[in-house]
There are 2 protein chains.
Amino acid sequence: MEQDSSAAYLRARSLPGQRVTPQRLLLLGLIRRAQGHVDADEIYRRARERNPHISLSTVYRALRLFKKMGLVEELHFNEEHHHYEVKPPSQHYHMVCMECGKVIEFLSPLIGRIVEEVNREYDFTVTGGEVSLVGYCQECRSQETRTEAKLDE
Amino acid sequence: MEQDSSAAYLRARSLPGQRVTPQRLLLLGLIRRAQGHVDADEIYRRARERNPHISLSTVYRALRLFKKMGLVEELHFNEEHHHYEVKPPSQHYHMVCMECGKVIEFLSPLIGRIVEEVNREYDFTVTGGEVSLVGYCQECRSQETRTEAKLDE
DNA sequence: AGGCAATTGCGAATCATTAGCAATCGTGAA
DNA sequence: TTCACGATTGCTAATGATTCGCAATTGCCT
Ligand SMILES: [Mn+2]
Ligand SMILES: [Mn+2]
Ligand SMILES: [Zn+2]
Ligand SMILES: [Zn+2]
């Protein structure tokens, strides 16, 4: 089942001394099956359905660990908090509407080319990366025309 | 001088109703001449040298405005707070070391290709974008080998 | 010059994330 | 299988960054 494959997966990439705990397995499983962008609170909410005693701290600690281990990608949209998704992120970009916050996702091989380029030119081990474009979606662009972009609203 | 060109620049892009204030001119001038990544606090610190009464709120409000106006780019490194730089960001990427936080910057035409691609395929007005790769720099990678990545330290 | 909405400065919220610490638990050795 | 010890967890209490609310100012248009 899910749990087992995550256990093997996690144990295989753990450094000596690191433990495979039920909390980590639960969290990794959730993120893997989430298919998309989830933030810490959403993960916490879902995790509590399975383990009502799990703590939000544990969620953050696991996310930090998974990020360092290269298992998840941290996404920075036009918001104060962050989102996460499992890797490999199938070479896609994100476009974020600065008005409504909508996130459009699309595939492209160019991101792979960028990583190649870096590996060739720099002494830097790339474990992940993010391409995110900001702008305005079609709906918001039309509204913009009459509303004339109030800074706050 | 600086102030004048910023004034013209700012006024030219302001929407009706928006005002060109001395605070905004000061802040935009600072960011323009900063050449690189500055965060809100750094901008605030520098701004106070010129105008000791300027408020941190004003800094944040100006940054939000400049971002919406497309004058500055907001950068999301591996940190809790954000950094800013003027646009156009001359088509460069950032590589952030997850261990020491160092940011390496490099040029490449691929980012332009991505924007072209999006303009061709989607109904989305791109006003900016960010490509940032995460990983480990050469120094941190060597240390990693003995220290074996403690999560916290 | 006069009027008014936009903007500023404060100070007090919020929100996301992290720290501190005692109680547990996973793991590798015996 | 049992033990021992360090890694991890769950609280709760900090931090840190950013935003809000509001009265006092001040651009900007007539
Ligand atoms: Mn961010
Ligand atoms: Mn830069
Ligand atoms: Zn939108
Ligand atoms: Zn480094």
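By convention in this document, chain letters (A, B, ...) are assigned in the order of the sequence lines, proteins followed by strands, and residues within each chain are numbered from 1.
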| field | Nearest heavy atoms of B/Gly101 and B/Val96, plus distance in Å | value | O-CG1, 4.3 Å
| request: Assess the side chains of A/Tyr93 and A/Ser108: does a donor N or O sit below 3.5 Å from an acceptor N or O? | output: yes
| Donor + acceptor pair across side chains of A/His83, A/Glu74 (<3.5 Å) | no
| message | Using modelled atom types and a 3.5 Å cut-off, is there a donor and acceptor pairing between side-chain atoms of B/Ser14 and backbone atoms of B/Leu10? | response | yes
| message | Under a 3.5 Å distance rule, please check whether B/Glu130 uses its side chain to pair with a backbone N or O of B/His76 as donor and acceptor. | response | yes
| said: Assess the residue pair B/Glu105 and B/His37 against the criterion (side chain to side chain donor-acceptor pair (under 3.5 Å)); give the C-alpha distance rounded to whole Å, side-chain angles, the decisive distance to 0.1 Å, and a yes or no. | reply: CA-CA 10 Å; B/Glu105 191 166 297; B/His37 324 123; 2.7 Å; yes
| task | Please state whether the phosphate of C/dT17, meaning OP1 or OP2, lies under 4.0 angstrom from any side-chain nitrogen or oxygen of A/His82. | result | yes
| So does B/Tyr60 get a side-chain nitrogen or oxygen closer than 4.0 Å to the phosphate oxygens (OP1/OP2) of D/dT19? | no
Whole angstroms only, please: what is the [atom1]-[atom2] distance between [X] and [N]?
{"X": "B/Glu42", "N": "D/dG16", "atom1": "CD", "atom2": "P", "value": "17 Å"}
{"X": "B/Leu65", "N": "D/dT18", "atom1": "CG", "atom2": "P", "value": "16 Å"}
{"X": "A/His81", "N": "D/dT19", "atom1": "NE2", "atom2": "C1'", "value": "15 Å"}
{"X": "B/Asn51", "N": "C/dC10", "atom1": "CG", "atom2": "P", "value": "10 Å"}
{"X": "A/Arg24", "N": "D/dT8", "atom1": "CZ", "atom2": "C1'", "value": "6 Å"}
{"X": "B/Leu25", "N": "C/dT7", "atom1": "CG", "atom2": "P", "value": "13 Å"}
{"X": "A/Leu15", "N": "D/dT8", "atom1": "CG", "atom2": "C1'", "value": "16 Å"}
{"X": "B/Arg48", "N": "C/dT8", "atom1": "CZ", "atom2": "P", "value": "17 Å"}

| query | Who are the ring-ring contact (aromatic ring centres under 6.0 Å, His included) partners of A/Tyr44, not counting sequence neighbours? | reply | none
| According to the interplanar angle, ranging from 0 to 90°, do the rings of B/His94 and B/His92 count as parallel (below 30°), tilted (30 to 60°) or perpendicular (above 60°)? | perpendicular
| Residues in side-chain hydrogen bond (donor to acceptor under 3.5 Å, both in side chains) with B/Arg11, at least two apart? | none
Protein-nucleotides 20-24 of chain D N/O pairs under 3.5 Å:
unit_1, atom_1, unit_2, atom_2, d
D/dC20, N4, B/Ser57, OG, 3.1

| message | So, using salt bridge (Lys or Arg N to Asp or Glu O under 4.0 Å) as the criterion, who are the partners of A/Asp41 when residues are at least two apart? | response | none
| task | For B/Ile54 and for B/Glu80, locate the closest nucleotide of DNA chain C by heavy-atom distance; then report the residue assigned to the nucleotide nearer the 5' terminus. | result | B/Ile54
| message | Can you confirm if the NZ or CZ of B/Arg61 lies within 45° of the ring axis of B/Phe66 and under 6.0 Å from the centre of its six-membered ring? | response | no
| said: Using C1' atoms of five pairs at each end, report the bend of the helix from C/dA1-D/dT30 to C/dA30-D/dT1 rounded to 10 degrees. | reply: 50°
Could you list the protein-to-nucleotides 26-29 of chain D atom pairs, N/O on both sides, closer than 3.5 Å?
unit_1, atom_1, unit_2, atom_2, d
D/dT26, O2, B/Arg19, NH1, 3.1
D/dG27, N2, B/Arg19, NH2, 2.8
D/dG27, N3, B/Arg19, NH1, 3.4
D/dG27, N3, B/Arg19, NH2, 3.3
D/dC28, OP1, B/Arg11, NH2, 3.3
D/dC28, OP1, B/Val20, N, 2.9
D/dC28, OP2, B/Arg11, NH2, 3.2

